[in-house]
Amino acid sequence: MLLVGLLSGSVVTEAYAVVSSSTSDDSCDARGLRTATVAAQLRIDHEDRTYAKASATMTLTVPMSWKPAAHLLLSTGSDRYRRAMRCLARGDHDGVETRWEEWRAKDPAVTPATAPSGQESSRKRWLEVRLSAHAWVSQRGTVPVGPWTVEVSKTRWDVRLAPPDTLNQARWHEVTVDPGRPGARSAVPRATTKKDGGALVWRPTRAHGAPSVEVRIEPAWPRAFSALDDSPPYAVYGAVGGPLWPIAVVVAVWCALIVLPRHGVPDPVERKAVTNLRNWSLTLLGVALTVQGRDVYLAAVGAFENTPDWARSAAYAPYAWLTSAVVGALLLRFARPPRAVALLGAALGVGAAVPVLLPGVMGLDPERFVQPPGPGYVTVGVVWGATVCSFALPLLGGALAVRRVAVDGGLWRPRHQRPRTWLLMAGVGAVVAIIGICYAATAERDWNRASWLSPRIDPTDLVIDHSGDLHQEWGYGAWHQADLRSSLLWFTNTSQWWWFGLWWVLSGLAILAVLRSRAVRTPRATTLARRGPKAVDRLLLLLLFPVMAAMDIGVYTGSEVVAWSWFFLNFFALAGILRLTGRRAVPARLLSVSGEPLATTLSATHRARLLDRARRYRELHAGLRGAAPGQTDEGAAARRDMETRLRRLHRWPASTGSPDRLPRDISVVDAALALGPCDTWWENGVRAARFTQPVALAFSGVLVWDKQLRGDALTNTLYDRLGLPDVVTQFVLWQVGYAAAGFLLGALWQELPGRRGPAKALALALAYAMPIGLFALGNWILGEEQTTLAFAAASMLLILTLTGVRMDLETFRSELLPGRGSLSLLPVVYQTRYLSIQFAWVLAQAAAIATIVQFFADNGGPPWAFPGVSP
């Protein structure tokens, strides 16, 4: 014992003696399980999933005469309980064992039971133990789940019953395998029977012993391809598809930049905004190639694959420090911060890059760092420092980049022109601390899940391997610390996937800055035809739709190989809708005499005149409705007088000043609503973006709940290393996306068809839903989950509809009486007939959304595969 203590570097003699004395009488006693009965089931679910889900259940009836049986009644945190459960689930093994692929929705159920069949005369007491586990068939290799293993290869899956050795003498009365569609290709030995659902059943005739069951499955190609998406060469396809989306954004921005100089000489604000957009596109390209280019390399070498030589993958982790340093340098170069902030960034970059460039000097060997024995405190401190620096640097650069784009473009006017160094350091430090705490808590939770049956003692044994060499077998504590070090080493690599997904917000802000700089210098008195978003402004608005407003739809078969195509589909969906329906917009309608569009003669200076005419229009219509049918000459004369005044209100001069009339089916109310509540398209867009926020809060909450807090998705969130911070992040990003959609609704107010706001919202919501519908069709063909696609499309329509109603009310806000709310303007804007139609339309949308929520499908998938330790 002294030799063991000296070799392990810690004195464990007394602890080991206590544990030995306490567990010597608690052997698994396999002979005591001869009278136990066992039933095992495995079900593989392929339906409506990207990855097949293997669910295993094992039910045991154990006699109380079995020595560890009484320990099954103890607390699940008791080591004696774990020992007894380990005997039933894993066998007679006292070492540390982790199963990262296996998941449990609940703890094993232990209940009193009656005597099994054939034991009726026995007076023994019995316990029924039910163990349930599931795993996702998402990687090539062996996937253990309960007493089963699923061997995943390129074209087939082999399911084998591999029970623990302690149950070899038990009575196995039924074994069931439900292979799911398309069914089993072969089964050895021959099944006893088959259930209606296609499940194969074996009822062994031998008194004792587990049957050697093996079932071969050839899944449909989408499930087979999904299971190989982490293995080369298939992993390379998805890794290459990742950077194609930002590359598509960069190419589209460059096309817009080519057109920009042809439309006037920009003023200083516009020059800054255009320069920022150009420089940001180059920066985004560099960031994408740096981060996702490394992912392509890792996918090619199989770093994401689950292999027996798991420790070797740790050699790739430190290079994330270098890529983060490069990304931080690119962002700081774009942001051009003050000297003090630049020096701070340089210090962070040195702290992140030096340990990976000079690992020998720092004493870092990644492969040994993630295994026992633990390295010195200096090495751990170096890794900790490099991790913090490599995570803080991109955050610092990103915050400064956002500030530069917002300030230079006039989107934000801070009190201080230069960023405060101490405030930046405090903000970045707070984010690092919060995310670090969440990351560490999740890593600890994941370790407890994977090692839940391992004994919570830390003896280090000397064992002799097959070659006759003497080596150490490290205990629970040593492997626990190794897992924490592994989590620390992989932190930067994991966090890159999180913060890289946020850069679309900065791309959208850069486009918005250019749009604002061009809109604010447009004279307010110009006609709609000139002041609206035309030429390059229209192109930038179309780009803003896929970059900032459209839904991040998803991928097929777990691969991002076609993810870039959704950018162009969203772009052309909105462009096509505007092209096909532009002539139905009120400003595009032709005047009755001259035939010129109303947009050429209607401008913001006509607002007061139109609002006054709209008020008289409503009053005359109310008088006509209240007047009795013309029974007398006086009544008929009064009616003719009101009709004459209504016709006069319809008069409107052409752009040349000659007399003309509004289009036949366009009233002065419609013409006033065509202006929107503000004088420029930019102000209309900003106003609509603000209106979306309170309305969208509930929908953002439901989407976050369904995608991250419900069913298997909650498991993903609780065990994903950045799952908890991502809940807040995703909620904010949904709000940003809805704000961008509202901005487009207001900015394109004169371009969208319809005479009222809800009708205008319909066209934009249709452009939003068309790619979603195409993606849903592809999911249906491939048999994958639909998640919340229908809810996302329906919620966008309702949010934009309510925003359109609010925009209409704001247009007539000058008629709001003191002490009355905006809703009191509904009869003014929509009158009785239109008001009932709008109410019915909104209620129909609300009913459709409520129905969709009731039929939410389980959208859970495998939690993010963390490269943890594997003792």
Side-chain angles (χ1 to χ4, degrees), residues 241-260 270 272-292 327-328 330-336 394-395 397-412 496-518 536-553 560 563-571 574 685 689 729-730 732-744 747 771:
L244 290 180
W245 194 93
I247 289 175
V249 175
V250 171
V251 172
V253 168
W254 286 350
C255 292
L257 290 173
I258 293 174
V259 182
L260 271 172
E270 183 177 351
K272 284 184 178 181
V274 172
T275 301
N276 285 342
L277 180 59
R278 181 182 294 108
N279 292 341
W280 169 247
S281 66
L282 296 173
T283 303
L284 178 62
L285 181 62
V287 170
L289 294 179
T290 300
V291 175
Q292 296 187 309
V327 169
L330 291 174
L331 293 172
L332 288 176
R333 185 179 183 278
F334 168 77
R336 292 184 297 182
L395 293 182
L400 291 170
V402 170
R403 190 183 192 280
R404 178 186 174 186
V405 168
V407 173
D408 289 354
L411 300 175
W412 177 40
Q496 281 185 354
W497 298 342
W498 176 72
W499 54 252
F500 182 79
L502 306 178
W503 293 129
W504 61 267
V505 176
L506 208 155
S507 301
L509 289 177
I511 295 174
L512 280 173
V514 176
L515 287 170
R516 182 193 176 279
S517 66
R518 294 176 58 81
V536 69
D537 296 333
R538 185 186 178 96
L539 175 59
L540 290 174
L541 284 172
L542 293 177
L543 287 181
L544 191 66
F545 182 67
V547 170
M548 211 170 186
M551 181 180 177
D552 182 12
I553 298 177
E560 295 185 1
W564 57 272
S565 62
W566 300 114
F567 174 86
F568 296 102
L569 289 174
N570 281 291
F571 177 87
L574 181 57
T729 303
Q730 290 301 316
V732 173
L733 293 181
W734 277 111
Q735 288 294 115
V736 171
Y738 286 131
F743 174 82
L744 287 171

- Query: Can you name the residues that form a ring pair (Phe, Tyr, Trp, His ring centres under 6.0 Å) with Trp245, not counting sequence neighbours?
  - Reply: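 Expected list: Phe567.
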What distance do [X] atom [atom1] and [Y] atom [atom2] have between them, rounded to the nearest 0.5 Å?
{"X": "Thr275", "Y": "Arg278", "atom1": "OG1", "atom2": "CZ", "answer": "5.5 Å"}
{"X": "Asp408", "Y": "Arg403", "atom1": "CG", "atom2": "CZ", "answer": "9.5 Å"}
{"X": "Leu541", "Y": "Leu574", "atom1": "CG", "atom2": "CG", "answer": "8.5 Å"}

Tell me the closest heavy-atom pair linking [X] and [Y], and the distance in Å.
{"X": "Trp564", "Y": "Gly241", "answer": "CD1-O, 4.4 Å"}
{"X": "Ala513", "Y": "Gly409", "answer": "CB-CA, 3.7 Å"}
{"X": "Ser281", "Y": "Val250", "answer": "O-CG2, 3.4 Å"}
{"X": "Leu543", "Y": "Ala252", "answer": "CD2-CB, 3.3 Å"}
{"X": "Leu544", "Y": "Gly508", "answer": "CD1-O, 3.7 Å"}

- Task: Check step by step if side chain to side chain contact (heavy atoms under 4.5 Å, CB included) holds for Leu285 and Trp254.
- Result: CA-CA 12 Å; Leu285 181 62; Trp254 286 350; 4.1 Å; yes
- Residues in side-chain contact (heavy atoms from CB on, under 4.5 Å) contact with Glu560, at least two apart in sequence or another chain: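 For Glu560 the side-chain contact (heavy atoms from CB on, under 4.5 Å) partners, ignoring immediate neighbours, are Val555, Ala563.
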- Message: Run Ile511 and Met548 through side chain to side chain contact (heavy atoms under 4.5 Å, CB included) and show every step you take.
- Response: CA-CA 10 Å; Ile511 295 174; Met548 211 170 186; over 6 Å; no
- Report the C-alpha separation of Asn276 and Val514 in whole Å, then their side-chain angles, then the decisive distance to 0.1 Å, and conclude whether the side chain to side chain contact (heavy atoms under 4.5 Å, CB included) test is met. CA-CA 9 Å; Asn276 285 342; Val514 176; over 6 Å; no
- Message: Around atom CH2 of Trp498, are there more than 12 heavy atoms from other residues, nucleotides or ligands closer than 6.0 Å?
- Response: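 Counting neighbours around CH2 of Trp498, more than 12 heavy atoms of other residues, nucleotides or ligands fall under 6.0 Å, so yes.
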